[in-house]
Number of protein chains: 2
Amino acid sequence: MKLSKKSDYALRAMIYLSLNYQKGAVQIKEISAKERIPQKFLENILLTLRKVGILNSKMGLKGGYELARSPDLITLGDVIRALDGSIAPVNCVSQMSYKPCTEEVTCVIRGVMMDVRNAITDVLDTMTFADMCKRVKESLEKNENAILTYSI
Amino acid sequence: MKLSKKSDYALRAMIYLSLNYQKGAVQIKEISAKERIPQKFLENILLTLRKVGILNSKMGLKGGYELARSPDLITLGDVIRALDGSIAPVNCVSQMSYKPCTEEVTCVIRGVMMDVRNAITDVLDTMTFADMCKRVKESLEKNENAILTYSI
DNA sequence: TACAATCTCTACCAATCTGGTAGAGATTTA
DNA sequence: TAAATCTCTACCAGATTGGTAGAGATTGTA
């Protein structure tokens, strides 16, 4: 039941890009430096997010990445699914990578795991990056001399 | 966010033992055969559950395993924690293996992950093996000619 | 007592996943 | 044309997962 480093980095990069929404493309190098994420690793992550349509990219000099749509239309669930594949604790309750188990009808573990999955997605699929930005700003107001950070 | 095979097997074995609560010790071999779990692997799992006090064992001929307390006093969370270690998606929100992150106060990802963790434990720490037994029996009544099974 | 059945313990192993790196290529701006 | 940037494929070391092997300790029963 663990969030991968990949998803962790992805969430941080997405918050960074959300805070810079509509301010033009942001370069990998900048995100990598500010968030202290290995650059080459981050390249892969952003590429994945682009391929699933969460990010747009621009190649060449002055290129970079930006959100493909408004931060309030992207949820944490979207990002974690893109990187980690599935959110469900077992495949037989997964939307993304559903695979029936042998005796689905009578499987009582499945029932509980379905509840767990729903509980998780209730949180992750309603929380948008607009919400995250709001939280970052609130957090900064309360802790005036705090460094801007939202890493794990 | 995946339930390990170890925890899966453990849950199944625990349901089996719960259905046989107060009927004397049950042997590894029997559970292994009925639930189709590799015997040597199951040995390790049951040993772990004994070490954390969930199971009692009896060595020697006619030995075996049985629940150390009533099924309504053991939750799925107890078992999964014993096998997989932690339920929390990140260590900085874990009860079991808590490890602070760099900037805890202002970390907004932490906040969401805390919500996820609570959502998961709400399900797993309230569901007992007595509940699971009840579900197994209900399920069998509804599907009269179903085979008794609760594997994933 | 002997012995078979059973749990206990340590060690080991192959396959996969995780986190990360390398480097050549394509594209764009100045 | 050159520098900056994204794109793509390949690779790699270490950890984790799922599982096996085998010797040892303990107990019931003939």
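Just so you know, these numbers use all the heavy atoms, side chains as well, and skip hydrogens, waters and symmetry mates. Below, chain A is the first sequence line, B the second, and so on; all start at residue 1.
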Protein-nucleic acid N or O pairs under 3.5 Å, nucleotides 28-30 of chain C:
unit_1 : atom_1 : unit_2  : atom_2 : d
C:dT28 : O2     : A:Leu61 : N      : 3.1

Thinking salt bridges, do [X] and [Y] make one under a 4.0 Å N-O criterion?
{"X": "B:Arg117", "Y": "B:Asp122", "result": "no"}
{"X": "A:Lys40", "Y": "A:Glu43", "result": "yes"}
{"X": "A:Asp78", "Y": "A:Arg69", "result": "yes"}

Quickly work out the [X] [atom1] to [N] [atom2] distance and round it to whole Å.
{"X": "B:Lys5", "N": "C:dC17", "atom1": "NZ", "atom2": "P", "value": "14 Å"}
{"X": "A:Lys6", "N": "C:dG20", "atom1": "NZ", "atom2": "P", "value": "11 Å"}
{"X": "A:Gln39", "N": "C:dG20", "atom1": "CD", "atom2": "P", "value": "14 Å"}
{"X": "B:Lys2", "N": "C:dT18", "atom1": "NZ", "atom2": "P", "value": "11 Å"}

Nearest 0.5 angstrom please: [X] [atom1] to [Y] [atom2], how far?
{"X": "A:Met127", "Y": "A:Asp125", "atom1": "CE", "atom2": "CG", "value": "11.0 Å"}
{"X": "A:Glu30", "Y": "A:Leu17", "atom1": "CD", "atom2": "CG", "value": "9.0 Å"}
{"X": "B:Thr75", "Y": "B:Ile54", "atom1": "OG1", "atom2": "CD1", "value": "8.0 Å"}
{"X": "A:Asp84", "Y": "A:Lys6", "atom1": "CG", "atom2": "NZ", "value": "8.5 Å"}

Please examine the side chains of A:Tyr65 and A:Asn56, heavy atoms only from C-beta on, and report whether any two atoms are closer than 4.5 Å.
->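 No. Closest side-chain heavy atoms not under 4.5 Å.
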Flag the pair A:Ile31 / A:Arg36 as yes when at least one side-chain heavy-atom distance between them is below 4.5 Å, and no otherwise.
->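 No, every pair of side-chain atoms sits at 4.5 Å or beyond.
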Within less than 4.0 Å of OP1 or OP2 of C:dG20, is there a side-chain N or O belonging to A:Tyr9?
->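 The answer is yes; a side-chain N or O of A:Tyr9 sits under 4.0 Å from OP1 or OP2.
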Minimum heavy-atom distance A:Ser86-A:Ser94, with the two atoms named |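 Scanning both residues completely, I find the closest heavy atoms to be OG-OG, 3.2 Å.
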If you find the nucleotide of DNA chain C closest to B:Gln27 and the one closest to B:Asn44, which residue's nucleotide is nearer the 5' end?
->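 Result of the comparison: B:Gln27.
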Near DNA chain C, under 4.0 Å by heavy atom, which residues of residues 47-55 of chain A?
->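 Within residues 47-55 of chain A, no residue comes under 4.0 Å of DNA chain C.
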Tell me what A:Ile28 touches on the nucleic acid: a base, only sugar-phosphate, or nothing, going by heavy atoms under 4.0 Å.
->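 The answer is sugar-phosphate, as A:Ile28 gets under 4.0 Å only of primed atoms, P, OP1 or OP2.
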Would you indicate whether A:Gln95, at its atom CD, is surrounded by more than 12 heavy atoms from other residues, nucleotides or ligands within a distance under 6.0 Å?
->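 Counting other residues, nucleotides and ligands, CD of A:Gln95 stays at 12 neighbours or fewer.
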Where does the chain A footprint on DNA chain D start and end, counting 5' to 3' with a 4.0 Å heavy-atom cut-off?
->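 In short, chain A contacts DNA chain D from D:dA4 to D:dC8.
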